[in-house]
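All residue numbers in this chain count up from 1 along the given sequence. Source: prediction; values computed, not measured.
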Amino acid sequence: MTVFMRVATLLTIGFMLLAVLVAGSRADEARPALTVSVAHVQEQHLGGVVTATGTVVAWREMPIGSEAGGLAVVEVAADEGDWVAKGQVLARLNRRVLMAQIVQQRAAISEASATLENAKSDARRAHGVSSGVISQQTIDQRDTLVKTATAKLAGARALLLEYAAKLAQTSIVAPTDGLVAKRSATLGQVVQVGTELFRLIQDGRIEVDALVPEAELMQMKARQSVRIIGPDGQLSEGNVRLVAPTVDAKSRLGTVHVELPAMTELKPGMFVRAEIETEGITALAVPQRALIWRDGKAAVFSVGDDGTVSLRAITMGRKTSSLVEVLEGVVAGERIVVEGAGLLNDGDRVRAEVASTTLAGGLP
């Protein structure tokens with residue numbers, strides 16, 4: 001092959017490579033850029049509502065047990081769901097043995113009382129006899145008998161009081177007004193000391209234990225208004241009663257106790273959602289729908305002046321239904337993608353359109 005032919009071959013190959021490059025460049029230019037909606041990052045008023053989940057619980061549950069042991073239940077006078085008043089009888093235990101013991105003890109008291117009177121009479125006669133007729137030892141013995149009889153009478157009366165107290169324990173009564181949440185007592189059941197027979201919700205009051213993230217817990221204060229959304233979607237109004245002083249070290253959640261109105265239809269054990277009204281703040285924020293998640297972390301796509309997007313990891317603060325506070329990651333005035341971010345990769349070129357107010361969650 002001559003030199004001329006070799007040069008011609010190289011030139012031909014060069015022209016072919018140049019044509020391929022030009023075609024590729026034209027293809028890239030012809031490829032349409034994805035159209036996305038963008039909005040500027042700026043300070044926004046984050047509405048003072050913190051959303052949390054929680055469980056309906058009793059305000060104060062009181063276990064009602066037996067103070068007597070070895071006695072059978074002979075009457076059950078209350079059932080689950082009943083409203084009871086303070087002092088109302090809930091159940092009765094068998095009292096026949098105790099009644100017999102009381103009768104027997106009263107007889108013992110009468111006997112001890114008679115013995116005491118007889119001892120006193122003997123002591124009076126001994127002291128009234130002329131000196132020398134009865135020895136001093138005999139007089140001392142008569143005095144001792146009086147003391148002994150007095151002690152036996154006092155012991156018999158104390159035992160009667162004990163039997164009376166045990167008799168009173170056979171009536172299981174409500175210690176306060178409330179709602180019977182659980183009944184364990186059954187007819188014929190032989191109870192032991194401490195056996196739980198009923199569980200009472202004091203005053204019938206129930207509340208919600210709402211679990212709030214630690215970042216938002218500092219906003220919680222007593223008497224704040226709360227909307228409770230039940231499992232059926234029904235709304236109830238409540239107020240923050242107490243903010244728990246500790247946070248769970250594993251879940252990083254704190255408990256906010258929300259009191260409910262007396263006539264609520266919610267039941268203990270129900271799962272509910274709580275919307276707690278707070279004062280709100282003004283802070284740098286982005287729309288919730290602008291967020292994407294990469295490697296388990298929140299991020300947004302920032303749009304440069306040339307239409308190129310860059311992925312920005314952000315640190316989030318408090319949230320509302322449409323906005324999320326940004327603590328780190330973006331600056332005021334920066335353009336971010338609010339629609340179409342899920343289809344993008346870092347470095348893609350886009351055609352940006354300004355999002356509507358509704359679309360951007362309030363950001364122009």
**OP:** Please report the C-alpha distance between L161 and L159 in whole Å, then the side-chain angles of each, then the deciding distance to 0.1 Å, and finally whether the side chain to side chain contact (heavy atoms under 4.5 Å, CB included) criterion is met.
**Re:** CA-CA 5 Å; L161 292 176; L159 190 55; over 6 Å; no
Original post:
So do the side chains of P287 and I336 get within less than 4.5 Å of each other, counting heavy atoms only?
Top reply: yes
Original post:
If only atom types and distance count, is the side chain of R335 paired as donor or acceptor with the main-chain N or O of S302 below 3.5 Å?
Top reply: no
**OP:** May I ask you to decide if T186's main-chain N or O and Q189's side chain share a donor-acceptor pair within less than 3.5 Å?
**Re:** yes
Original post:
Do V243 and V226 share a hydrophobic cluster, counting only Ile, Leu, Val, Met, Phe, Trp and Tyr and linking them when any side-chain heavy atoms are less than 4.5 Å apart?
Top reply: yes
**OP:** Would you confirm whether Q42, through its side chain, and G333, through its main-chain N or O, come within 3.5 Å as a donor-acceptor pair?
**Re:** no
Original post:
So do R60 and I201 actually touch side chain to side chain, heavy atoms under 4.5 Å?
Top reply: no
Original post:
Between the main-chain N or O of K297 and the side-chain N or O of D295, is there a donor-acceptor pair closer than 3.5 Å?
Top reply: no
**OP:** Measure the spacing between CG of L217 and OG1 of T246 and express it to the nearest 0.5 Å.
**Re:** 9.5 Å
Subject >> Stepwise side chain to side chain contact (heavy atoms under 4.5 Å, CB included) check, T195 with L197 >> reply: CA-CA 6 Å; T195 300; L197 301 176; 4.1 Å; yes
**OP:** Could you pull out the closest heavy-atom pair between Q105 and A156, with the gap in Å?
**Re:** NE2-O, 3.0 Å
Subject >> Cluster link L153 to L160, ILVMFWY, side chain under 4.5 Å >> reply: yes
Original post:
What are the two closest heavy atoms between R157 and I109, and how far apart are they?
Top reply: CA-CD1, 3.7 Å
Subject >> pair W59-R241: side-chain heavy atoms closer than 4.5 Å >> reply: yes
Original post:
Could you state the interatomic distance from CD1 (I172) to CZ (R92), rounded to the nearest 0.5 Å?
Top reply: 10.0 Å
Original post:
Where the side chain of D209 meets the backbone of H257, is there a donor-acceptor pair that is under 3.5 Å apart?
Top reply: no
Original post:
Between R205 and E207, is a salt bridge (charged side-chain N to carboxylate O under 4.0 Å, His left out) present by the stated rule, with each step listed?
Top reply: CA-CA 7 Å; R205 287 173 55 185; E207 61 184 24; 5.4 Å; no
Original post:
Quick one: are I206 and L179 in side-chain contact, heavy atoms under 4.5 Å?
Top reply: no
Subject >> Other residues, nucleotides, ligands: >12 heavy atoms within 6.0 Å of R96 CZ >> reply: no
Subject >> Separation between OG of S171 and CG of L90, rounded to the nearest 0.5 Å >> reply: 10.0 Å
Subject >> Worked verdict on R252 versus E214 for salt bridge (charged side-chain N to carboxylate O under 4.0 Å, His left out) >> reply: CA-CA 6 Å; R252 317 310 304 178; E214 60 181 356; 3.3 Å; yes
Original post:
Looking only at heavy atoms, what is the nearest atom pair of I228 and A274, with distance?
Top reply: CD1-CB, 3.8 Å
Original post:
Taking atom types as modelled and ignoring hydrogens, do the side chains of T53 and R273 form a donor-acceptor contact shorter than 3.5 angstrom?
Top reply: no
Original post:
Would you call V146 and L116 a side-chain contact if the rule is heavy atoms closer than 4.5 Å?
Top reply: yes
Original post:
Is it true that atom CZ of R183 has more than 12 heavy atoms of other residues, nucleotides or ligands lying nearer than 6.0 Å?
Top reply: yes
**OP:** Would you indicate whether the side-chain heavy atoms of L284 and V41 approach each other to under 4.5 Å?
**Re:** yes
Subject >> Sequence-distant partners of R223, salt bridge (Lys or Arg N to Asp or Glu O under 4.0 Å), two or more places apart >> reply: E259
Original post:
Does a salt bridge link R142 with D122, judged by any charged N lying under 4.0 Å from a carboxylate O?
Top reply: no
Original post:
Measuring from L93:CG to E67:CD, what's the distance to the nearest 0.5 Å?
Top reply: 10.5 Å
Subject >> Intermediate values then yes/no, salt bridge (charged side-chain N to carboxylate O under 4.0 Å, His left out), R289 and E339 >> reply: CA-CA 7 Å; R289 62 180 61 194; E339 279 291 326; 3.2 Å; yes
Subject >> Taking every non-hydrogen atom, the tightest pair across A341 and R294 >> reply: O-NH2, 4.4 Å
Subject >> Over 12 non-hydrogen atoms of neighbours within 6.0 angstrom of CD in Q141 >> reply: yes
Subject >> V309: which of V300, N345, L344, V38 passes side chain to side chain contact (heavy atoms under 4.5 Å, CB included) >> reply: L344
Subject >> For F301 against D346, the heavy-atom pair lying closest together >> reply: CE2-N, 3.8 Å
**OP:** To the nearest 0.5 angstrom, please state how far the CG atom of D232 sits from the CD1 atom of I229.
**Re:** 11.0 Å
Original post:
About how many Å separate CD of Q44 and CG of L323, when rounded to the nearest 0.5 Å?
Top reply: 6.0 Å
Subject >> Side chain T144, main chain D140, donor-acceptor under 3.5 Å >> reply: yes
Original post:
Is there side-chain contact between Q219 and V212, with at least one heavy-atom pair below 4.5 Å?
Top reply: no
Subject >> Minimum heavy-atom distance between G188 and A72, given as atom pair plus value >> reply: O-CB, 4.2 Å
**OP:** Answer yes if M220 and V57 sit in the same cluster of Ile, Leu, Val, Met, Phe, Trp and Tyr residues linked by side chain heavy atoms under 4.5 Å apart, and no otherwise.
**Re:** no
Original post:
With sequence neighbours left out, which residue pairs that include part of residues 106-117 fulfil the side-chain hydrogen bond (donor to acceptor under 3.5 Å, both in side chains) condition?
Top reply: none
Original post:
Can you get from V256 to L235 by hopping between Ile, Leu, Val, Met, Phe, Trp and Tyr side chains that sit under 4.5 Å apart?
Top reply: no
**OP:** Would you please test T35 and E353 for side chain to side chain contact (heavy atoms under 4.5 Å, CB included) and show each step?
**Re:** CA-CA 7 Å; T35 300; E353 293 182 352; 3.5 Å; yes
Subject >> Close side-chain approach of E334 to R312, heavy-atom, < 4.5 Å >> reply: yes
Original post:
Is the number of heavy atoms from other residues, nucleotides or ligands within 6.0 Å of CG (D306) greater than 12?
Top reply: yes
**OP:** Determine yes or no for a side-chain-to-main-chain donor-acceptor pair under 3.5 angstrom, with T264 supplying the side chain and P261 the backbone.
**Re:** no
Original post:
Should V84 and V173 be regarded as members of a common hydrophobic cluster, given that ILVMFWY residues are connected when their side-chain heavy atoms come within less than 4.5 Å of each other, either directly or indirectly?
Top reply: no
Original post:
Run the salt bridge (charged side-chain N to carboxylate O under 4.0 Å, His left out) check on E196 and K182 step by step: do they pass?
Top reply: CA-CA 10 Å; E196 182 179 312; K182 183 180 179 181; 5.1 Å; no
